[in-house]
Amino acid sequence: MPETTRVADRPPVHPTGTGRPPALVYAVAAVSALGGLLFGYDTGIISGALLHLRDDLDLSSREQEVVVSVILLGAMAGALVSGRTAVRHGRRKVVVAVAVIFAVGAVTAAVAPDVATLIAARFVLGLAVGGASNMVPVYIAELAPAAVRGRLMVLFQLMVAIGQLIAYLCGWALAGSGGWRVMFALAVIPAVALAVGMLFLPESPRWLIEQHRADDALRTLRRLRPAGADVAAEAAEITAVTRNAPADGGSWGQLRQRWLRPALLIAVGIAAFSQLTGINAIVYYAPTILDDAGFGDSVALLTGIGIGAMLVVAGAVGAIAVDKAGRRRTMLWFLPGSALAMAVLALAFATPAESAAQRWTVIISLFAYILFNGVGMQAVVWLIGPEVLPLSVRGPATSLATLSVWGFDLLIAMTALTAINTIGRSGTFLFYALMNVACVVFVAAKVPETKGRSLESIERALRDPLPFRRALEKR
């Protein structure tokens, strides 16, 4: 029997070691996760900017939805392009390019003389958002040891939350006509830090092995693994899987293979539910919804800051939960609370807004929803796809999953205010509550546990004739 077959078939080992990972592992996660901060800031800043932007430019509800949503069209395009580009040029170079695009888009938005230019600038920012959300989680997943992969990948989502909190704070501090220009310009600072920082980080060892640069991959693994780790065994395991991969990193047509369907269903399903459960309807429009409901600009913006802070708390809790409790259990524990909080929010908006009790119910249920959905869904969405999607098609497959996130995000962004105007706040939030319930059912039925597994052992389970969940459980 050939050696490559024996490596692929033997029980999973832990060649990454059990000691403390070197500082470089955390540097990789911290620097690359600045892409998450930019993602969060550039998608969240429109929430505060919109209160004054709509007055300065006299925008209708539909025009507001376009200004908010065009970044998502760019994100869809960025997700499509970045996966294939990373196959050819490497993960690290794509993240550097994303940082440059972030800076260009931020400057253009800040100096935009008219609505058309602002829309174009936000589309460019979207290209960077799509590239960051597609490639940063993959980059971290492919460099991190299995034992800490979950928390390091959730650092990306935590940085998204921190970016959104900073955006809310800037929206409050810079409130007033013209302040939105400064809000957009501030994104240049982390974009430059990301571009410079990535120049000093290593390339993915998995990509290096795909490029037949085994010696470079071994050197990188030695820098990323605890002392005494069997990096040769890890490299052999990666090589065994890589030999099944096409030289071009996989094509869209290869996604039709039957054995890939469980992983694609999980990745795309979680991507869809991450938006259908309502998170970005709240992130984008909470200040506008609260202001229109009679809460006033000041209360609306301060509530937005509270939402941003709660997203950070949820990211921190999620980073711990995914490695301690596991990905699947985290979703099953927290998503029912997300559904309940959204249902309470729907009922609160069904009553008159005059009473203090009603207003406090709205605010508390908003915060509770952000906490439960942030831990149960947002902490997992950028983690589960890169884990379950195999190396042989990781480029197009992760692009498809990321495209699904932004496609459904676009759907929510383009319909949230229209839905509120048509069926009311209560009807809109009740729909999101039902989507949370549907997500719990989906996770219980389809999503396996990937905690503590190497990416290669997950792929072996996917190729097993047993159902995916059972194949992982028996390993």
Would a 4.5 Å heavy-atom cut-off, applied to side chains only, mark Gln275 and Leu411 as touching?
no
pair Leu34-Val136: side-chain heavy atoms closer than 4.5 Å
no
Tell me whether Trp360 at atom CH2 has more than 12 heavy atoms from other residues, nucleotides or ligands lying less than 6.0 Å away.
no
Just by distance, do the side chain of Ser426 and the backbone of Ala350 share a donor-acceptor pair under 3.5 Å?
yes
Can you say whether the rings of Phe429 and Tyr432 are parallel (under 30°), tilted (30 to 60°) or perpendicular (over 60°)?
tilted
Give a yes or no answer on whether the side chain of Ser404 reaches the backbone of Ala272 with a donor-acceptor pair at less than 3.5 Å.
no
Take Ser133 and Trp406, measure what side-chain hydrogen bond (donor to acceptor under 3.5 Å, both in side chains) needs, and give me the verdict at the end.
CA-CA 10 Å; Ser133 60; Trp406 296 117; 2.9 Å; yes
Could you walk me through whether Ile307 and Met310 pass the side-chain contact (heavy atoms from CB on, under 4.5 Å) check?
CA-CA 5 Å; Ile307 290 171; Met310 196 59 68; 5.7 Å; no
Please round to the nearest 0.5 Å and tell me the distance separating atom CG of Leu400 and atom CG of Leu255.
6.5 Å
Counterpart residues, side-chain hydrogen bond (donor to acceptor under 3.5 Å, both in side chains), relative to Thr418 (two or more places apart):
Arg62, Glu65
Identify the residue among Asn373, Ile279, Val381, Asn280 that makes a side chain to side chain contact (heavy atoms under 4.5 Å, CB included) with Ser274.
Val381
Gap between atom CD of Gln164 and atom CZ of Phe39 - 0.5 Å precision:
7.0 Å
Which heavy-atom pair separates Gly105 from Ala121 by the least distance, and what is that distance?
O-CB, 3.9 Å
Quick one: does Thr361's side chain have a donor or acceptor within less than 3.5 Å of a partner on Ala348's backbone?
no
Using atom types as modelled and distance alone, determine if a side-chain donor or acceptor of Lys451 lies under 3.5 Å from a backbone N or O of Lys324.
yes
Salt bridge Arg329-Glu449, side-chain N to carboxylate O under 4.0 Å
no
Looking only at heavy atoms, what is the nearest atom pair of Met331 and Gly376, with distance?
CG-O, 2.9 Å
Between Val447 and Phe442, is any pair of side-chain heavy atoms under 4.5 Å apart?
yes
Checking the side chain of Arg181 only, and the main-chain atoms of Ala110 only, is there a donor and an acceptor separated by less than 3.5 Å?
yes
Nearest 0.5 Å please: distance from the CD1 atom of Ile45 over to the CZ atom of Phe184.
7.0 Å
Side-chain heavy-atom pair Ile46, Trp180 within 4.5 angstrom cut-off:
no
Side-chain contact test, heavy atoms from C-beta onward, threshold under 4.5 Å: evaluate it for Arg261 versus Leu264 and give yes or no.
no
Output, in order, the C-alpha distance, side-chain angles, deciding distance and verdict of side-chain contact (heavy atoms from CB on, under 4.5 Å) for Leu383 and Phe156.
CA-CA 9 Å; Leu383 169 59; Phe156 174 77; over 6 Å; no
Minimum side-chain heavy-atom gap Val129-Phe102 below 4.5 Å:
yes
Stepwise, does the side-chain contact (heavy atoms from CB on, under 4.5 Å) test hold for Thr428 with Ile423?
CA-CA 7 Å; Thr428 302; Ile423 62 175; 3.6 Å; yes
Can you see which heavy atom on Ser204 is nearest to which on Glu142, and at what distance?
OG-OE1, 2.6 Å
Shortest non-hydrogen contact from Asn134 to Thr398?
OD1-O, 3.1 Å
So, taking the atom named CD in Glu459 and the one named CG in Leu389, what distance separates them when rounded to the nearest 0.5 Å?
10.0 Å
Any side-chain to backbone donor/acceptor pair from Ser82 onto Gly78? Under 3.5 Å, distance only.
yes
Those residues at least two apart in sequence (or on a different chain) that pass ring-ring contact (aromatic ring centres under 6.0 Å, His included) with Tyr369 are none
Keeping the roles fixed (side chain from Arg328, backbone from Val443), state whether a donor-acceptor pair exists under 3.5 Å.
yes
Can you list the steps and then say if Leu37 with Ile166 is a side-chain contact (heavy atoms from CB on, under 4.5 Å)?
CA-CA 9 Å; Leu37 186 143; Ile166 293 172; 4.2 Å; yes
List the residues meeting side chain to side chain contact (heavy atoms under 4.5 Å, CB included) with Thr450, not counting sequence neighbours, and say none if there are none.
Arg327, Ile384, Glu387, Val388, Ile458, Leu472
Between CG on residue Asn436 and CE on residue Met377, distance to nearest 0.5 Å:
7.5 Å
Would you say the side-chain atoms of Arg149 pair up with the backbone N or O of Arg453, donor to acceptor, closer than 3.5 Å?
yes
Any side-chain heavy atom of Arg151 within less than 4.5 Å of one from Val148?
yes
Inter-residue atom distance Met153.CE - Ile140.CD1, 0.5 Å rounding
7.0 Å
Output yes when a side-chain donor or acceptor of Arg92 lies under 3.5 Å from a complementary backbone atom of Met198, and no otherwise.
yes
Minimal non-hydrogen separation, Ala128 against Val98, with atom names:
O-CG1, 3.5 Å
If you look at every heavy atom in Thr277 and Cys439, which pair is closest and at what distance?
CG2-CB, 4.2 Å
Taking the side chain as every heavy atom from C-beta outward, state whether Met159 and Ile162 have any pair of such atoms under 4.5 Å apart.
yes
